[in-house]
Amino acid sequence: MRIGSPAPSYAPFFRSTIMSTERRKQFPFDEFEPKWQATWESAKAFRTPNPGDADFDASKPKYFVLDMFPYPSGNGLHVGHPEGYTATDIIGRYKRMNGFNVLHPMGWDAFGLPAEQYAIKTGTHPRVTTEANVANFTKQLKSLGFAYDWDREVNTTDPGYFKWTQWIFLKLYNSYVGDDGKAHPISELEAQGLSREEIDSRRLAYVSEAPVNWCPQLGTVLANEEVVDGKSEVGGFPVERRPLRQWMLRITAFAQRLIDELDGLDWPESIKLLQRNWIGRSEGAEVDFKVADGGQLIRVFTTRPDTLFGATYMVLAPEHMLVDQIVTEEQLPLVEEYREKTARKSDLERTELAKEKSGVFTGAYAINPVNNERIPIWIADYVLMGYGTGAIMAVPAHDERDFEFAKKFELPILQVVQPPEGHDWQGFTDNGTAVNSQFLDGLPTPDAKRRIAAWLEEKGIGKKTINFKLRDWLFSRQRYWGEPFPLIWENGQHAAIPESELPLLPPDLEDFKPTGTPEPPLSKATDWVQYSATATRELNTMPQWAGSCWYYLRYCDAKNTERFVGEEAEKYWMGGGKPGGVDLYVGGTEHAVLHLLYARFWHKVLFDLGFVSTPEPFQRLVNQGLIMGEDGQKMSKSRGNVVNPDDVVNDYGADSLRLYEMAMGPLEQVKPWSMNGVVGQYRFLARLWRLVMVEDQEGEWNFSPQLQDVPADKNLNKLLHKTIKKVGEDIEKLSFNTAISEMMVLNNALTQSEIRPVATLLTFLKVLSPFAPHLAEELYSIIRTQFPQLVPGGFVADVTWPAYDPTALIEDEIEVVLQVNGKRRDSITVPIATPKEEIEALALANARVKEFTNGLTVRKVIYVPGKLVNIVAN
RNA sequence: GCCGGCAUGGCGAAAUGGUAGACGCAACGGACUUAAAAUCCGUUGGUGGGUGACCACCGUGUGGGUUCGAGUCCCACUGCCGGUACCA
């Protein structure tokens, strides 16, 4: 394809016929933006060759710049989307211009609830809805001129994609974590002769009974996001927790690595902290308490074993297995009632509504192993079955929750920690000194912890332990629109289907209505369910997170039918000698824990099994800030403050939108939208356009006679090189807003000069091109028609980033600010090479300085080279 | 409650410990126009003074501190935004 040879011709704009709704365009972006988008597309301008391709240049370094791919909702693009996308596009284009092979792809996280809910309502197959939404999103994204390699587009609902999601699941299913903390193939356990039960209990994907949100009125299982305050979002019916056979992923086996290996990543510290807190490592000890009379053991976890002497009662989670065994006949009715009541409550109710502590005495007692005291055993919902051992020793004197509970039920409170001066010991939870604790007395808390741990271990009744808040990942959903599990059930046992049967497509259902039982909708496809005469398929589907756990890998080799990603492609794009493979990952903070933790988990499993070459997926992470509405509120349909990017593109063009999204402020910051701000960027681009083009009487744009092939004067040249330098540095720092300001300064200077040197303008366009690629491309090609000898063929997107000339930046003279006692009083302009002594002398002799030092003694003269002189006098 | 982030003109913002407010918006004045829009030129933190070029003082949420010098560093506090919530 030949580029840019025909001279431009634009239709005149008839002002009189154009109404206010269709305001007159200040430059014909509506013509050239679609033109360049089509040109880039047909020229495959942003196709990225892979290792092995004929046009692949292995000598270039790689740069993998990634956006969090969107869920293609029916609402279309939101102005929040192009914020991150523009940032990565600028980086990607800039890196290309700097000689990198850039991988900058886009795709669709397209499984999910809304399409299924729409199907239930209208009967439209989710595939149809999804296709339409993807088409709309694609059109919208293409209208913004992003330099994606569309050949690498991925879609999580595409069988060619989810074949590999299912394949990775089978890897998880067929792996376990060894003593080395790494994933290994399950075949190793088989070789050791372990039983089927033992093997199943160690798989990274395993079956467990877990509670789901069951809504009897709606006759369906609900996702967490469909439950609001314990009621269904639709209809407001009560939702119960009901245990159901579920698939779980053993992410907890990676908890420590998920914490430790954050260290090598260039992520915001706040996000690392969020992940660490989510994983929630806590060091403590497990202690066994004997049940008096019964003899059963109750194991508790505590971070404060040093307070063991202060344990005056115990609490079991209501669901705790031992409750049935130890409860006395007398207390049984109360305990039963309490257990039933808590079972009905959702997690939300248990926490948010239970401000007031509740609980019931079981009638049983336990023996405190340190002093053989009999202490009562209670059940209470403030002890959670899912954390630790589901049982605690209560030390009311030094734990807020136990303190509250003990006060309410009038249980004894015994001091065992002496706080520092000025603190009340009741409810004191910090470090202090052990008291009333026999052999621990006088020890500071950390020492007491060590001492008691040793003692417990010696007696064989406890040991140091580490606990994590992180739970295993509930991986199954009772939904239609998700990846089916590549598993079957036969004689009550599960088994994987052969890899050759992947992808396992979901059955083509026509009836999407809930089954009315907790059975997943796939159960309706009776033919599909029957795998063989004796085996049936697993009916659950995977959660939406599944597809997004590995999509970045698929981008490296999106069309590979043999492997989830080709080895060579993976090594090249994900390699680079750092822990993480993706060089820059931009997305919202809402994924700080779940998506980013799940993806890291899968990646580590794949790494351990030798399928990928780095231990971490994402080296550098940046969170873009939320864009608020013009009213400063979060954008939402109900507030009516949503801005549609299509409207902005229509009125001001894609380049204006791109520029505005970047000029708003720092990328990471939360900031409000302003349509006037868009206009500012639009005017900037229009002014730049008019540097090259002038409008005649008929409203036709012609090449400007002010643009001439003459050398730039010294000041303009200095400004140009300053701009090249600053914009390049700012892009590297992701400070796009200040880069744009600097380009505006250059633009303003050019506007004000009578003659505009064409070489200056061409360089300016190169610097502008990552930000406003359409206008840059258009003006570049227009200038080529007038100065063919100055403008080589090809896209401006393909040119080399201009190098700035440091010599052009050298100032002949510098302005030195004169301060007296830190206050600016005057400034002097001196030749650059003026020695320090001379500048100081000039400063002291300065009339204004004298005025303010008059009558004072000069104590000190501070000279900051090239900047200022501060005279200290009193 | 706990954790994190933010606080600068009328507004969005900018400032390696060194001239606070670059750049943009809005506003105001002027040029062009029959007129308006657009465009171009200029003014624009506050208070006070001067006919004027200018000058002084005050000013980065509040109060202290470090420093020759603080929007920037330290301590204490206030307000707003986000996350999280009985994790023993």
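All values reported here derive from a predicted model rather than from experimental measurement. Numbered from 1 within each chain, the chains take letters A, B, ... in sequence-line order.
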Note to self: Can you work out whether A:Ser674 or A:Arg281 has the more 5'-proximal nearest nucleotide on RNA chain B?
What the structure shows: A:Ser674
Check: Looking across every strand, which nucleic acid part, if any, lies under 4.0 Å from A:Leu868 by heavy atom: base, sugar-phosphate, or nothing?
Finding: base
Check: Starting at OH of A:Tyr660 and ending at C1' of B:rA13, how long is that distance when rounded to a whole Å?
Finding: 11 Å
Check: Where the side chain of A:Lys860 is defined as all heavy atoms beyond and including C-beta, which of B:rC68, B:rG18, B:rA38 is the nearest nucleotide?
Finding: B:rC68
Checklist line | Partner nucleotide, any strand, of B:rA38 [Watson-Crick/G-U, under 3.5 Å] | finding: none
Notebook entry, point to check: Between A:Lys823 and B:rC58, does any side-chain N or O lie under 4.0 Å from OP1 or OP2?
Noted result: yes
Next item on the list: Compute the centroid of each ring, for A:Trp378 and then for A:Phe409, and state whether the two points are separated by less than 6.0 Å.
Entry: yes
Check: Between A:Arg848 and A:Glu851, does at least one N-O distance fall below 4.0 Å, as a salt bridge requires?
Finding: yes
Note to self: Nearest to the side chain of A:Arg687, heavy atoms from C-beta on, is which of B:rC40, B:rC25, B:rG4?
What the structure shows: B:rC40
Item checked: Residue A:Met744, side-chain heavy atoms: nucleotide from B:rA56, B:rC86, B:rG24 that is nearest -> B:rG24
Check: Any side-chain N or O of A:Asn737 less than 4.0 Å from the OP1 or OP2 oxygen of B:rA14?
Finding: yes
Next item on the list: Answer yes if the ring centres of A:Tyr660 and A:Tyr652 are under 6.0 angstrom apart, and no otherwise.
Entry: no
Check: Given A:Val417, which of A:Val395, A:Thr429, A:Thr307 fulfils the side-chain contact (heavy atoms from CB on, under 4.5 Å) condition?
Finding: A:Thr307
Notebook entry, point to check: How far, in whole Å, is B:rU72 from B:rU67 if one measures between their P atoms?
Noted result: 16 Å
Next item on the list: Return yes if a side-chain donor-acceptor contact under 3.5 Å exists between A:Arg281 and A:Gln256, otherwise no.
Entry: yes
Check: Looking only at atom C1', what distance separates B:rA14 and B:rG24, rounded to whole Å?
Finding: 11 Å
Next item on the list: Could you work out the separation of B:rG18 and B:rG30 based on their P atoms and round it to a whole Å?
Entry: 42 Å
Check: Of all the choices, B:rC86, B:rA88, B:rC41, which nucleotide is nearest to the side chain of A:Thr751 once you look at every atom?
Finding: B:rC41
Note to self: Distance criterion of 3.5 Å, no angle test: do you see the side chain of A:Asn870 paired donor-to-acceptor with the base of B:rC68?
What the structure shows: yes
Notebook entry, point to check: How far, in whole Å, is B:rG64 from B:rC58 if one measures between their P atoms?
Noted result: 15 Å
Check: Do any side-chain nitrogens or oxygens of A:Arg683 fall under 4.0 Å of OP1 or OP2 in B:rC23?
Finding: no
Next item on the list: Report the nucleotide, chosen from B:rG18, B:rC68, B:rA88, that has the shortest atom-to-atom distance to any side-chain atom of A:Val872.
Entry: B:rC68
Next item on the list: For nucleotides B:rG71 and B:rG65, find the distance between their P atoms and express it as a whole number of Å.
Entry: 15 Å
Checklist line | Nucleotide of B:rC23, B:rA88, B:rA13 approaching A:Gln669 most closely (side-chain heavy atoms) | finding: B:rA13
Check: Which of these nucleotides, B:rC40, B:rA38, B:rG24, is closest to any side-chain atom of A:Gln26?
Finding: B:rA38
Next item on the list: Starting at atom CZ of A:Phe771, determine the distance to atom P of B:rC23, rounded to an integer number of angstrom.
Entry: 18 Å
Next item on the list: Rounded to whole angstrom, note down the P distance from B:rG5 over to B:rA76.
Entry: 15 Å
Item checked: A:Asn874 CG - B:rU67 P separation (whole Å) -> 15 Å
Notebook entry, point to check: Is there a side-chain polar atom (N or O) of A:Arg825 under 4.0 Å from OP1 or OP2 of B:rA56?
Noted result: yes
Item checked: Atom P, compared across B:rC68 and B:rC3: separation rounded to whole Å -> 35 Å
Item checked: Phosphate contact (B:rG42 OP1 or OP2) by A:Gln752 side-chain N/O below 4.0 Å -> yes
Next item on the list: Measure from CG on A:Asn676 to P on B:rA13 and round the result to the nearest Å.
Entry: 15 Å
Check: Do NZ/NE/NH1/NH2 and the carboxylate oxygens of A:Glu283 and A:Lys449 come within less than 4.0 Å?
Finding: no
Next item on the list: Taking the side chain as every heavy atom from C-beta outward, state whether A:Trp673 and A:Val648 have any pair of such atoms under 4.5 Å apart.
Entry: yes
Note to self: Whole angstroms only, please: what is the CZ-C1' distance between A:Arg756 and B:rC40?
What the structure shows: 11 Å
Next item on the list: In whole angstrom, give the distance that lies between atom CE of A:Met662 and atom C1' of B:rA14.
Entry: 17 Å
Notebook entry, point to check: What does A:Thr589 touch in the nucleic acid at a heavy-atom separation under 4.0 angstrom: a base, only the sugar-phosphate, or nothing?
Noted result: nothing
Next item on the list: Give none if B:rA15 has no partner; otherwise give the nucleotide forming a Watson-Crick or G-U wobble pair with it, both distances under 3.5 Å.
Entry: none
Notebook entry, point to check: Looking across every strand, which nucleic acid part, if any, lies under 4.0 Å from A:Val745 by heavy atom: base, sugar-phosphate, or nothing?
Noted result: sugar-phosphate
Item checked: Quiz item: A:Thr738 side-chain donor-acceptor pair to B:rA14 base, under 3.5 Å -> no
Next item on the list: Just call it for A:Tyr863: base, sugar-phosphate, or nothing, with non-hydrogen atoms closer than 4.0 Å on any strand.
Entry: nothing
Check: Toward the 5' end of RNA chain B, which comes first, A:Asn277 or A:Gln819, by nearest nucleotide?
Finding: A:Asn277
Next item on the list: Just name whichever nucleotide pairs with B:rA88, Watson-Crick or G-U, keeping both distances under 3.5 Å, else none.
Entry: none
Notebook entry, point to check: Do the side-chain N or O atoms of A:Arg690 get closer than 4.0 angstrom to the phosphate oxygens (OP1, OP2) of B:rC40?
Noted result: yes
Notebook entry, point to check: Roughly how far apart, to the nearest Å, are B:rU39 and B:rA15 at atom P?
Noted result: 28 Å
Checklist line | Proximity of A:Phe27 and A:Tyr682 rings by center, below 6.0 Å | finding: yes
Check: Counting only Watson-Crick or G-U wobble pairs whose two distances fall under 3.5 Å, which nucleotide matches B:rC6?
Finding: B:rG79
Next item on the list: Using both distances under 3.5 Å as the test, list the Watson-Crick or G-U wobble partner of B:rU43, or none.
Entry: B:rA27
Notebook entry, point to check: Between atom CD in A:Glu754 and atom P in B:rC41, what is the gap in whole Å?
Noted result: 11 Å
Margin query: Quick check on B:rG48: syn or anti? Syn means the glycosidic torsion is within 90 degrees of zero.
Written below: anti
Item checked: Residue A:Asn748, side-chain atoms from C-beta onward, closest of B:rC68, B:rC23, B:rC41 -> B:rC23
Next item on the list: Take the protein atom NZ of A:Lys272 and the nucleotide atom C1' of B:rG5, then report the distance between them rounded to whole Å.
Entry: 18 Å
Next item on the list: For the pair A:Tyr313 and A:Phe405, name the ring-plane relationship: parallel under 30°, tilted 30 to 60°, perpendicular over 60°.
Entry: parallel
